[in-house]
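Note that the structure is predicted; figures quoted are calculated from it, not measured. In what follows, chains carry the letters A, B, and so on, assigned in the order in which the sequence lines appear, proteins first and then strands, with residues in each chain numbered from 1.
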Amino acid sequence: MKMLINSPETVVADALRGLAAAHPELDVDVEGRVVTRRDARGSGRVGLVSGGGSGHEPLHAGFVGPGMLSGACPGEVFTSPVPDQMSRAAAAVDGGAGVLFVVKNYTGDVMNFEMAAELAGEDGIQVEQVLVNDDVAVTDSLYTAGRRGTGATLFVEKIAGAAAEEGRPLDQVAALARRVNESSRSFGVALSACTTPAKGSPTFDLPDGELELGIGIHGEPGRERRPMMPAREIAEVSLGPVLEELADIGPVDGPVLLLVNGMGATPLLELYGFHGEVARVLADRGVTVARALVGNYVTSLDMAGCSVTLCRADEELLRLWDAPVQTAALRWGR
Amino acid sequence: MKMLINSPETVVADALRGLAAAHPELDVDVEGRVVTRRDARGSGRVGLVSGGGSGHEPLHAGFVGPGMLSGACPGEVFTSPVPDQMSRAAAAVDGGAGVLFVVKNYTGDVMNFEMAAELAGEDGIQVEQVLVNDDVAVTDSLYTAGRRGTGATLFVEKIAGAAAEEGRPLDQVAALARRVNESSRSFGVALSACTTPAKGSPTFDLPDGELELGIGIHGEPGRERRPMMPAREIAEVSLGPVLEELADIGPVDGPVLLLVNGMGATPLLELYGFHGEVARVLADRGVTVARALVGNYVTSLDMAGCSVTLCRADEELLRLWDAPVQTAALRWGR
Amino acid sequence: MRDTQFFRRWMAATAAAVEREAARLTELDSPIGDADHGSNLLRGFTAVESALTSDPPTSPGALLQVAGRTLISTVGGASGPLYGTLLRRAGKELGDSTEVSDEQLRAALRTGVDAVAQLGGAAPGDKTMLDALGPGVAALATSYRAAADAAEHGALATVPMQARKGRASYLGERSIGHQDPGATSSALLLGALADAAEGDA
Amino acid sequence: MRDTQFFRRWMAATAAAVEREAARLTELDSPIGDADHGSNLLRGFTAVESALTSDPPTSPGALLQVAGRTLISTVGGASGPLYGTLLRRAGKELGDSTEVSDEQLRAALRTGVDAVAQLGGAAPGDKTMLDALGPGVAALATSYRAAADAAEHGALATVPMQARKGRASYLGERSIGHQDPGATSSALLLGALADAAEGDA
Ligand SMILES: Nc1ncnc2c1ncn2[C@@H]1O[C@H](COP(=O)(O)OP(=O)(O)O)[C@@H](O)[C@H]1O
Ligand SMILES: Nc1ncnc2c1ncn2[C@@H]1O[C@H](COP(=O)(O)OP(=O)(O)O)[C@@H](O)[C@H]1O
Ligand SMILES: [Mg+2]
Ligand SMILES: [Mg+2]
Ligand SMILES: [Mg+2]
Ligand SMILES: [Mg+2]
């Protein structure tokens, strides 16, 4: 597999250099692997820090800026960042009101963020953590590492970011973030595997007539392989378990936030067509989509495929969703 | 090749339905294949209409909205739209100040827009056209169809759109659009071919160790095949002819606009790394990048690869570039 | 003399040939184009068939004009305006008469081909549909079958040419060695004409 | 008694084994993981080597703690904190003495393995590195080579297991039939320890 890179070893540093060149408004510490907004320190606002393996761009660095993350810590490709990164980011963005870590639920991320929280605590920074675990393809039981964190991360970061921007205190920002996570569920489908720079070949074989249901965002195979289906069936098959699990929490009778997400190599032409099918299924089931976002936001390198995330919203969440955001990848409002 | 579609025949209509669902602020005529902003008619502003084959998303429909296009006409995949679409769009967005057609220089687009201009003229709408032809990989001679229109289309649509939004008259908006085009040059590189829904297999074979230099945005092979190279060399090889052709017009001693564009399936991680190399080459050559945009904007379905577009800017162009824009794919300012 | 039904059969035979050969036309459009010629013409001639069926024109000239306008409104790309113009101009040339002579048809098609050359700016040898249409329509002076053969021959003769118009021209020398898709579909058009004429005989 | 040099050789042998086997570890991490285990450990043990070289610790305990901290600071993922904790806790256990007995080393590693179990929450049979580390460290009571063999055996024994921790657990039953990458690298670590011990003899 060919890649537009210099070498597998320098991929992350090279991308950070490019990010710095494209976004002079961001503080990019290429050595230390930390991206922060410039105006966080001493702002009095809660700092919002996330991070995870690289390869999911624009998540997370593309979401750093007013109204969303204060800082992001990119690890190696599909490898959680090390604790030093997060404690460095926490120190850089602590405005005096404490820092919230947004952690996707993967063994590595959880352990590394936990160690970082200890380090930051030793530095006198008040740290809270929220674990994102929205992926219904994984059974949440004692016998797994628990549901993975996927598309809901974007909802959590946007809404908690808006709350932090408003000057809400740490406990409230953390509570909101947890509420968004608990209200969100996702399901992902792969039409092709992805290729990591280190491996140089697809992470799994997916024959031409088949797709993988219930994939994560790290090139892991899914729970089940099925014959290829048209977009309208993929929409049914994806939304089924998402709506089922949401219904377990309570009736889905209010407005929802919807993310129709591309895994990286799915053309927007296809993704919009898929979104049309998702919207149709939801309308058929009487679900009111209050806001929809369509695009490649939580990706898996060059994987072809898509995921759907729904979040049960209310007035407050919608207001915070609509609040201005000004990042590399997500921008609206003033 | 698997695709996230219902059927090759319905791809464009399905995508338009999805666009309509995701963007209630747009008028989407699925039957008539026209996307327009709601507030164009009777606005007194110049209408800006573009279009072309589908498969280049977010171009053009993703650029419809305040500060950019008034309307877009998506053809079938890689097939210029038919004249009826553009004359329909012209009628829908004519605010009384005339309409400018932004046409990428391809035989089919040129002929279909020309026929549409005649139709619109018969309807009493004043129409001007600007031809975008920025791709230096094609020699502009009597013996070719002339340079293709690629990345500069985004610059033309953004800057002319800002001028139209300001209420400038048709002749001035057209002159600005032409100036942006004449000041812009592009070069594209493919790491993989793309697959059209109709054909279902890659448009050309590109072995693992090779890349295509000088490709267009329709899955056509390029002018030359070379052994695969690292990103830093691809940056050199791409910028060389762009800077050379720009120098033919005059010294590149002022600020430039830079678009580092992904062809659709190139992960942002790679694209940012590539941008870092582009920025380095330009800095080495003393070129001042005033504004840079990095992302998948002028794509070729699921092609892996990139293109670079430079536009010699001045105060006026930079001011219009910075002016607010509010579209599905490009948003900034208030 | 050829009546409206003859032209109706010509268009039907063309539509059938395009349907049969669509995949091959798209395949030919891949190495030197954008892989859509077959689906473009399939969409166009399917629309022509339904236009001619739902509201059958009553003269050869009207029929060709409807076919041409329908191609322009449904095909897009380069081939839509070009084939549309070919048929529309030929149709205009035929006027309102309900029957036309072979000689009139030949003259009308010559006018159509000239309009294609003017609209697209291509010359013979540029590796376009003109390299089949030109010799094909010229050979109508001999017979319909001769025209079909000449067009077929003209299409084959595009293989060694370097393209100077249309998308294939972007490839420069790399366009050499491939048969032009538009010239190939032009041969289908004139082949269908010969089939219609032989059916008439 | 084992001096600092012994531990230095252990780490060097581990780094060499990881370098040799990195591609295989990543390969094992593809069907049931995310294809990075080899490059993760390569990055980590390369950093350990340079940390130990640039500022050589003067006791076995200090050395293992530096190695552990370096892994934590450079590896990331699941294996970084886990291997880092293994070595750091073992190092802490060894204290400041410049020489340690085989018995002390064995006890220290047992403490390290317990810390790994506590941090990761995995139990034997969950198809993780613990399935090689556990039997391996237990067999240290017999000999270093026995420990290496037991770890190797433990790694092989993960093949039929269904994963209940880490990324592989997402696959449910589809994780069966693949060898766990972390258990495989744990066997390398204990193999390197045996090599170092045999070099000492
Ligand atoms: N300028 C031109 N003059 C005549 N024929 C042309 C010209 N440009 C292209 N063609 C013909 O059109 C064919 C391509 O048609 P098609 O694939 O449907 O359109 P597009 O090139 O827009 O994708 C070419 O094979 C060629 O024969
Ligand atoms: N909870 C856990 N307890 C013990 N070992 C674990 C646990 N989770 C994962 N591992 C080990 O880590 C290995 C994977 O390491 P690595 O690939 O470097 O990290 P990641 O899974 O984050 O990509 C697995 O093969 C397994 O042996
Ligand atoms: Mg990993
Ligand atoms: Mg085309
Ligand atoms: Mg074509
Ligand atoms: Mg791994």
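Salt bridge absent: C/Glu99 and C/Arg2 never bring a charged side-chain N and a carboxylate O closer than 4.0 Å.
Under the 30°/60° scheme for interplanar angles, the aromatic rings of B/Phe113 and B/Phe101 are found to stand perpendicular.
For B/Glu76, the part sitting under 4.5 Å from any heavy atom of chain C is the side chain, from C-beta outward, and nothing else. B/Pro221 touches chain C through backbone and side chain together, each having a heavy atom under 4.5 Å away. Interface remark: C/Thr74 contributes backbone atoms only to the contact with chain B (heavy atom separation under 4.5 Å). For B/Glu224, the part lying near chain C is the backbone, with the side chain staying farther off; criterion is any non-hydrogen pair under 4.5 Å. Residue contact with chain C, scored on non-hydrogen atoms closer than 4.5 Å, involves the backbone and the side chain of B/Arg225 alike. The contact between C/Pro31 and chain B is made entirely by backbone atoms, counting heavy-atom distances below 4.5 Å. Heavy-atom distances place the backbone of C/Ala163, and not its side chain, under 4.5 Å from chain B. Heavy-atom distances place no part of B/Phe204 under 4.5 Å from chain C, backbone and side chain included.
When all heavy atoms of B/Gly151 and B/Ser186 are compared, the pair lying nearest together is N-OG, 3.9 Å.
No other option in C/Ser169, C/Ser30, C/Ser73, C/Gly120 has as many heavy-atom pairs under 4.5 Å with chain B as C/Ser73. When the candidates B/Asp84, B/Thr203, B/Val77 are compared by the number of heavy-atom contacts under 4.5 Å with chain C, B/Asp84 comes out ahead. Most heavy-atom pairs under 4.5 Å with chain B: of the set C/Gly76, C/Gly77, C/Ala78, this distinction falls to C/Gly77.
Ring-centre distance between B/His218 and B/Tyr106: below the 6.0 Å cut-off.
Two residues are said to be in side-chain contact when any heavy atoms from C-beta on lie closer than 4.5 Å; C/Leu156 and C/Gln179 meet this criterion. In this structure, C/Leu189 and C/Trp10 have side chains that are in contact, with non-hydrogen atoms separated by less than 4.5 Å.
Between B/Thr150 and the choices B/Asp134, B/Thr309, B/Asn133, B/Asp135, the side chain to side chain donor-acceptor pair (under 3.5 Å) rule is met once, by B/Asp134.
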Going through the checks in order, is the side chain to side chain donor-acceptor pair (under 3.5 Å) test met by C/Arg106 and C/Thr111?
CA-CA 9 Å; C/Arg106 182 152 66 95; C/Thr111 308; over 6 Å; no

